[in-house]
Engineer: 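Here's a structure for you.
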There are 2 protein chains.
Amino acid sequence: MNLKELAAHLGLSQTTVSRALNGYPEVSEATRTRVREAAERLEYRPNAAARRLATGRTGTVAIIFPSERSLLLDPHFLDFLAGVAEKLADDDVELTLRATRRNDELETYRRLVRNRRVDGFIVSSPLIEDERVRLLSDLDVPFVLHGRTDTQAPYAYLDIDNEGAFRRATELLVDLGHRRIGLLNGKRELNFARDREAGYLAALAAHGIAPDPGLIVNAAMTEEIGYRNASALLARPQRPTALLAASVLLAFGAYRAARDLGLVIGKDVSVIAHDDGLPFLKAETLDPPLATTVSPIRAGGYRLAELLLARINGNPPEDLREVAPVDLVFRASIGRMLT
Amino acid sequence: MNLKELAAHLGLSQTTVSRALNGYPEVSEATRTRVREAAERLEYRPNAAARRLATGRTGTVAIIFPSERSLLLDPHFLDFLAGVAEKLADDDVELTLRATRRNDELETYRRLVRNRRVDGFIVSSPLIEDERVRLLSDLDVPFVLHGRTDTQAPYAYLDIDNEGAFRRATELLVDLGHRRIGLLNGKRELNFARDREAGYLAALAAHGIAPDPGLIVNAAMTEEIGYRNASALLARPQRPTALLAASVLLAFGAYRAARDLGLVIGKDVSVIAHDDGLPFLKAETLDPPLATTVSPIRAGGYRLAELLLARINGNPPEDLREVAPVDLVFRASIGRMLT
DNA sequence: ATCTTCTACCAAAGCGCTTTGAAAATTTGA
DNA sequence: TCAAATTTTCAAAGCGCTTTGGTAGAAGAT
């Protein structure tokens, strides 16, 4: 059943039927209803390819991920993806996922744009300086960033308040008497890692505590790395009394490290982490329950997709910028410093 | 730059240019080279929508995942996805990801087929009885299963030798003197879980050991659930001396449970797990290193995509069935049973 | 030299939709 | 009542490709 047949069936022109279905005003309500009902009854579905060809719009957005980079290592990404996919499915927009080899990333963006394969992009894990933002901005194609960047270009984004979250978490630890606080952070080039460090440093500065660079670690966010780096920090002669971790996975490694050293978490060493709300690794079920700053990444994906659709529909990037607040959840993994 | 312009530029007809680029024989080698070079130089890229409309093929395959089901909980899925995406990117085939709400799953398949949105599907985590297989087979649309199912229908698949892997792992434990072996398995309705149990039971039977149903647990594969169920098993009066886990994540939970009870892994209790090769949680870096049956799920995704493309190109499902072997890696988490 | 087969190319139709420009039908104004 | 304005509908063009059904020209057969 295609447009032509449907129109013939109704004794109308294709024009009228098309307009009736697409909500154009120059169709009487009577015919519109008649057309809608017939379309429903006959299960008419417009051919996507034909529509794309005619309109130039693809009804598709893409996420490009480099095979070799950390996205793949990162369970957070899947949860984020789930949120994105949910919103897009709601609006019947297609989500295409594209893997690229090491150095093809920018070229892949360029190709998809040139071939008119997509209406827009979701760009995740932005770097402090991010070429993708510059490129997409130059190409003048809609995109939304999951996070922010220093790269100068007008772009839409959804970020969480990384700086605020880590400032408050650090302040909490300081208020509990901690002075040597280790920071297990994400990779240095990632924007969110920088913001989190900034929050941490701001809180220390506000309390007149001199930061110790040796207490700050930048690395990938896996359990193993958390274990290794926490072990190293806790083995220092002047052992930190608290650890601030950029993900539950890192904290999980830190728990293991502390246990290995016979340290009791929440007593000998306090641990607090940022929790992206991963469904398979829950902070509250760890032993002891892990205090966190929390902002569900899946909900972020959903909202981000909304922003992208708005961007595609012509809203300017300036109107599509959001910073989600972050909650601080106190649990037994942190405690007053023993004197 | 479109076909028409390219043809005009070359002084050829669109027909000839199209044929030259698509490798049809009725073009002289001389012109073909000339056309190819010009296309390259002028950066001609065929419009995907137009091609789809003309050919009826979309150059797209889809993976549908239910928002509420366990795929999302499952980091294995992301790694699998990465493998699929890599192969598809190599062949410039688009991968679309589609989320569905609770009961829309089958309807979503139907819609995508009816709207001619995709050339084929990848179906993951098959159930023992799987309606999707029946539906897609009835709709006569290409698809490949990641795993197998009891549902009667001719289908292509890539599976790993779950039965063999768990049979050998169990045999190894038996050989080391273990008699009470706990099985931390995936959810009961999943086909691979059934196969793994079958392997486990076969090994016990081969050594004349009566299986204890109380030692078999079916549940989701998360760290927390591994912890809970392993705790329960290890608290039994007749404590199992070995645990066989369906994923590293489960084993990870089991490690925690054992430690809580003051048991030394590899001595008081042996642990072996199936390892899908997740990059962020490595069996070999656990303490003690975790013995595993291993089959990288990412490579599986890549191969599966190859099979699907072959299926789309008309190969019959019967020719597209593979069972990948599984390696058994001995590490310190297993040891001879103490007498 | 004529007729038949290939080879290498082409014009035009068609895929199923949207959209332009115009016509028909209806309502409004005086 | 008739022209003007408005509403509703339509025919046809166009999106950029593939593919059908050709036609020239070269090669081979007689």
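On a predicted model such as this, the values are computed, not experimentally measured, just so you know. Side chains included, hydrogens not; waters and symmetry mates left out as well; all remaining heavy atoms used. Protein chains get the first letters and strands the later ones, always in sequence-line order, with residue 1 at the start of each.
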Engineer: Among A:Phe80, A:Phe77, A:Tyr157, A:Tyr302, which one satisfies ring-ring contact (aromatic ring centres under 6.0 Å, His included) with A:His146?
Structural biologist: A:Phe80
Engineer: Which nucleotide sits closest to the side chain of A:Arg19: D:dT18, D:dT9, D:dT19?
Structural biologist: D:dT9
Engineer: Of the nucleotides D:dT20, D:dT9, D:dC17, which one has an atom closest to the side chain of A:Ser28?
Structural biologist: D:dT9
Engineer: So does A:Arg32 have more than 12 non-hydrogen atoms from other groups sitting under 6.0 Å from CZ?
Structural biologist: yes
Engineer: Between C:dC17, D:dT18, D:dT8, spot the one nearest the side chain of A:Ala50, thanks.
Structural biologist: C:dC17
Engineer: Any side-chain N or O of B:Tyr24 under 4.0 Å from OP1/OP2 of C:dT7?
Structural biologist: no
Engineer: What about A:Thr15: does its side chain form a donor-acceptor pair under 3.5 Å with the base of D:dA11?
Structural biologist: yes
Engineer: Given atom CD of B:Glu26 and atom C1' of C:dC10, what is their separation to the nearest angstrom?
Structural biologist: 12 Å
Engineer: Does atom CZ (B:Arg148) have a neighbourhood of more than 12 heavy atoms from anything else shown, all under 6.0 Å?
Structural biologist: yes
Engineer: In whole angstrom, give the distance that lies between atom CD of B:Gln14 and atom P of D:dT18.
Structural biologist: 9 Å
Engineer: Could you state the NZ-P distance from A:Lys4 to D:dC10, rounded to the nearest angstrom?
Structural biologist: 16 Å
Engineer: Among C:dC15, D:dA11, C:dC17, which nucleotide sits nearest the side chain of B:Ala54?
Structural biologist: C:dC15
Engineer: Check the distance between C:dA8's P and B:Glu29's CD and give it to me in whole angstrom.
Structural biologist: 9 Å
Engineer: Roughly, in whole Å, what's the span from CG in B:Asn22 to C1' in D:dC17?
Structural biologist: 9 Å
Engineer: Above 12 or not: heavy atoms from other molecules or residues under 6.0 Å from CD of B:Glu40?
Structural biologist: no
Engineer: Among C:dC17, C:dC9, D:dC15, find the nucleotide with the atom closest to the side chain of B:Val27.
Structural biologist: C:dC9
Engineer: Between the base of C:dA8 and the side chain of B:Thr31, is there any donor-acceptor pair under 3.5 Å?
Structural biologist: no
Engineer: Does atom CG of B:Asp91 have more than 12 heavy-atom neighbours, drawn from other residues, nucleotides or ligands, at distances under 6.0 Å?
Structural biologist: yes
Engineer: Of the nucleotides D:dT8, D:dT18, C:dC17, which one has an atom closest to the side chain of A:Asn47?
Structural biologist: C:dC17
Engineer: Does D:dC15 have OP1 or OP2 sitting under 4.0 Å from an N or O in the side chain of B:Asn2?
Structural biologist: no
Engineer: Given D:dC10, D:dT18, C:dT18, identify the nucleotide with an atom nearest to the side chain of A:Leu12.
Structural biologist: D:dC10
Engineer: To the nearest angstrom, how far is A:Arg45 atom CZ from C:dC17 atom P?
Structural biologist: 13 Å
Engineer: Using OP1 and OP2 only, check whether a side-chain N or O of B:Thr16 sits under 4.0 Å from C:dC9.
Structural biologist: no
Engineer: In whole angstrom, what separates A:Leu53's CG from C:dT18's P?
Structural biologist: 11 Å
Engineer: Rounding to an integer number of Å, can you tell me how far B:Arg117 CZ sits from C:dG16 C1'?
Structural biologist: 14 Å
